[in-house]
Amino acid sequence: MKGKFSSKVAVLAVAAVVLVAMFAVPALAKDTLTVANIYDARSLDPIIQNEVAASNAICHINETLIELTDEGNPVPLLAETFEQLDSTTYKFVLRKGVKFHNGDPFTAADVLYTIERAKSPLGSAIKQYPEIIESAEAPDDHTVVIKIKYPFTPFWGTIAHTSLAIVNKRAVEEKGDMYPLEPVGTGPFFVKEWVKNDRLTLERFEDYWGKKPEYTTLVIRSIPESVNRTIELETGAIDVAFRIPVSDVTRVKEHNDLDVIGGFEHSVTYMGFNCEKEPWSNPKVREAIALALDINGARHAVFRGTGLTPVSIVPPTIKYTDKELPAPKRDLEKAKQLLKEAGVQLPLKAQIWSNSYKPRVDLAQIFQAQLKEVGIEVEAKVLEWGAYLDGLKLGEHDMFILGWVISSVGPDGIFSGIVHSKGGSNYSRFFNEEIDALIDQGKTMPDGPEREALYKKLQQLVGDARPMLYLYNEENFFGVNKNVQNFRPSPRGYHNVTGVTFKE
Amino acid sequence: MLKYIVKRIFSLIPVLLGVAFIVFTLLYLTPGDPARIVLGEQATEEALAEFREKEGLNDPFLVQFGNYVWKAVTKGDIGRSYMTRRSVANEIMSAFPSTLKLALSCVIAAVLLGIPIGILSAIRQNTLFDNITRFLAIVGLSMPVFWQGVLLILLFSVKLRWFPASGFDTWATLVLPTLTLACNPLAVITRMTRSSMLEVVRQDYIRTARAKGQTEQIVIWRHALGNALIPIVTVIGLQFGSLLAGAVLTESIFSIPGVGRLMVDAIKMRDYPVVQGGVLFIAVAFSFVNLMVDLLYAWIDPRIRAQYR
Amino acid sequence: MSGNTAPRMKSEAGLLDIWRRLRKNPLAMFGLFIVVLLIFFAITADVIAPYKYYEQNLINSFQSPSKEHLFGTDEFGRDILSRIIHGSRISLQVGLIAVGISVIFGGFFGAVAGYYGGRIDNLIMRGMDILLSIPSILLAIAIAASLGPGLYNMMVAVGISTTPQYARIIRGSVLSLRGQEFVEAAKAVGSSDTRIIMKHILPNCLAPIIVQSTLGVASAILTAAGLSFIGLGIQPPTPEWGAMLSGGREYIRDYAYMTVFPGLAIMITILALNFLGDGLRDVLDPKLKR
């Protein structure tokens, strides 16, 4: 009797496993495009968060007045034409016949509402974008004139940022707390269902003004585990996997149904020195560290040869970057010599801080081993994001690894952010009057050869002063199913897939 | 009975106040400026100051705590997430279904397997089957869930391609997380069933039942199991309660959008209102499950029912 | 003085008896053997590890297990076997100190609550109930986040989060001992409360403490590894098993050994402690037998 019972259990268990296994791989209709990102958007309200995961979703739902090409040139989107009237006045003529997902027509009033809302306290996370706007007016239903506070050359980048994607007043007010889950825009897709931290399902908007996507459903999944993203791609559960790990690149390339597309973002990762603290305040010591490290070799080890070792603070995808600057080179003898000249007592104890992003932790550990060779004993300290920024603000650090992503166009952002003495993220605590003055000047200068010359000079000056060493420009890899066509990653870090088509 | 339930619910109040206070204190001591983390690396100083002022982060500790409790009690408002600007209640309720689904599937699996195995093991005490079961139960208790999860992914998702490694929509996506997470409760329930049965089998009334010539099956299933059930129900309840609290590690390995992941993300991102609300919610859920277990006792055992009157 | 001789005598005589009975349990002996082995590894790690745990060799990274590197090398070319041997030191330290914290605090609160009873008991145990209503892993995460990363902070976080469980057990035993004759006798000869608790009561509730602690070391190691796994643990290049496992996850498809060996190390350790704890429970505390 008892024996029968246990064999029954076994039979049942086997049956259950077989049953479930049969339904394990769901069949996919080809009118659905499924992409997988690392993180989910925190909110689908454009002004709540300044993050690429949110922008990645929002750019399919809400549209901005203009768009920037990868080279940084403005092109029309909801504004049919646009012009700069004088150094602080911009005029936008809006597209006619555009409808929101709720049926409302798109007019100048929506633009004014969007700007006003972005400047309200609710938009504090993205405040740095609309802040420059002095006023906005609508002479008629389809014209908007924006005045800014002072001449600001990267203003096109501001207007093209997803935080200023146009929202519909009626929808925002009607939906209240639910708005971030059911946003309403003019874009090619509207939100059908959002299971947070899992999947966002978007449906094609049939009244879209522009070229409609060829497929009807777009699913954006969030899969933080990189191994899982690759597995899902291989099993065909997803069509495009964002940011597959370098360790999977070869595997995906060799897969019969899959391709890998690489691309750079407008970003650089650097190791900063605390220039206010002994002995890092001495430029000789900073140079000695530069010579003691094999940055190129470390990058090769961590990223398996992918990506670039930067020569300039300005990422290679950004206008006016100077690719001719000298590359870092290891010279242990000279490093020791410089340390001696600087009167540094060896062994010198120091810390390298980083947050928990694995490549950064890995680099810190490699540098730890490399610096040991010149008598510097480094402790690699991994801090969690909040504690990290706090510590940097207090200036307790020696060296730290941090990245910078340029969200607007042009090289201005990175200089005013991390090099300018008043920069909000100048954790190097660096101060140089000449460099500050040049940064201020470059911000307001119209584009042209003169501006280019100024930024080239800045790159050289900052490179020589060495408030930081440039560690890498990360190359991102996208795993793509071979039947997916027209997917092109953007250096902005978020990727509009409206134009993707399927091969038969 | 009703009186008892009401009393139990009222006794929750000091516990919840205490929980809120502890969490508040921990968060207060946590380094990291929420304003800076929430608004991002490139936020302006004004925006930061504005945020701190609006969220009351400049107030003294006790004032912050007082305000929180006051709002929660008078308006039922436990705040808004710093990250999403949505109400914390909404955030938790959208994460809870996933956690509940996972917890239920684990408990069901553990009960369906654990009780029969435990009984068999008790009936055949000190046989090979019993020894193997006891050995496996300890192994089950010793498996680090995160390792087990990773190995299961390697085997079933990477090598065999049977089950997906992430996502949480179809039944297939439930299999691996359940296999990972059910091990522990399964081991606990098996052990408890076994020891509880062994205890009961020695009692007089079982001997009486046997003496009366009832079949072994009826003796085991009706007389013995019925009486052995109370401690088993207790551990099931406890296991279910702790599963509800969020299987933090499992949820992060399998990318499950549940409460555990919500909490860890919130702690990392200094989303204080979500941490607060989340821990309170878990404490309530925990207590609720315990109450249910107690009521279940009363239902199973008339002697206890009499006490609640 | 005469009051305490009887129970003491009993426990001393019992030690041999316990050992004799424990020896009959093969699983417990296996557990004990592994635990002793681990302690040996932890003490002699610097001598017996074939390489230094932090020594990098980038050219030699991702070497599969071989004669030179029995468990292979990691992404920096560090010897995994050496790191696991050194990791035993970390894990045992975490386990013992975390449990030590729990036992000291839990013991104090539990003993005071049980001994004095009444209002004090009520107050302390309500406090413990509050802590118990937060799941210990979540509590440990929250404490770890508020203390910041690091080995010692991790021990404190794990230790505090399990304190109430010890308080409960010890209170229970104290409660059952409070009314017994030898306690009454000690009171009668005018011993102070502290003395009675330390000299008469606690030694007599050692059994459940020992059992719970053995099992507790296991769960403390597990919790700590879990904290490291989600990135709230220790600093690199400290070879903590959970952190090693987490670090190897990215490479699991090509270099599974990077995750398998640290995982095995954790599992065997926990298993050994659980076997030992179960065996001890059977011997020391037949009432608790499951």
(request) Can you tell which part of A/Glu131 gets under 4.5 Å to a heavy atom of chain B, answering side chain, backbone, both or neither? (result)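 Side chain only.
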(request) Please flag which part of A/Arg199 lies under 4.5 Å from any non-hydrogen atom of chain B: side chain, backbone, both or neither. (result)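 The side chain, not the backbone.
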(request) Could you give me the CA-CA distance, side-chain angles and deciding distance for A/Leu181 and B/Arg86, then say whether side-chain contact (heavy atoms from CB on, under 4.5 Å) is met? (result) CA-CA 10 Å; A/Leu181 300 186; B/Arg86 295 181 66 226; 3.2 Å; yes
(message) Test of understanding: with ring-ring contact (aromatic ring centres under 6.0 Å, His included), list the residues that count as partners of A/Phe415, not counting sequence neighbours.
(response)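 By the ring-ring contact (aromatic ring centres under 6.0 Å, His included) rule, A/Phe415 matches A/Tyr455.
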(request) Can you sort out the partners of A/His420 under ring-ring contact (aromatic ring centres under 6.0 Å, His included), two or more places apart, ordered by chain and number? (result)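 With neighbours one apart ignored, the set is empty.
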Minimum heavy-atom separation for [X] and [Y], please, with both atom names.
| X | Y | value |
| --- | --- | --- |
| A/Ile48 | B/Met83 | CG2-O, 3.2 Å |
| A/Ile231 | B/Val158 | CD1-CG2, 3.2 Å |
| B/Ser255 | A/Pro224 | OG-CD, 3.4 Å |

Do the side chains of [Y] and [X] get nearer than 4.5 Å, heavy atoms only?
| X | Y | result |
| --- | --- | --- |
| A/Leu389 | B/Asp33 | no |
| A/Asp45 | B/Arg85 | no |
| A/Glu232 | B/Ser166 | yes |

(request) Mind ranking A/Ile223, A/Leu44, A/Ile126 by heavy-atom pairs under 4.5 Å with chain B and telling me who comes out on top? (result)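 If we count pairs closer than 4.5 Å to chain B, A/Ile223 comes out on top.
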(message) Please report the interatomic distance CG(A/Asp198) to OG(B/Ser98), rounded to the nearest 0.5 Å.
(response)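 If I round to the nearest 0.5 Å, the distance is 7.0 Å.
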Can you tell me which portion of [X] sits under 4.5 Å from chain A's heavy atoms? Options are side chain, backbone, both or neither.
| X | value |
| --- | --- |
| B/Asn90 | side chain |
| B/Ser94 | neither |
| B/Ser252 | backbone |
| B/Ile256 | neither |

(message) Using a 4.5 angstrom heavy-atom cutoff, name the option from B/Gly258, B/Ala165, B/Pro97 with the most pairs to chain A.
(response)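 Between B/Gly258, B/Ala165, B/Pro97, the count favours B/Ala165.
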(request) Check the surroundings of atom NZ in A/Lys192: do more than 12 heavy atoms from other residues, nucleotides or ligands lie under 6.0 Å from it? (result)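 No, not enclosed.
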(request) Decide if atom OH of A/Tyr39 counts as having more than 12 heavy atoms of other residues, nucleotides or ligands within a radius under 6.0 Å. (result)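 12 or below, so no.
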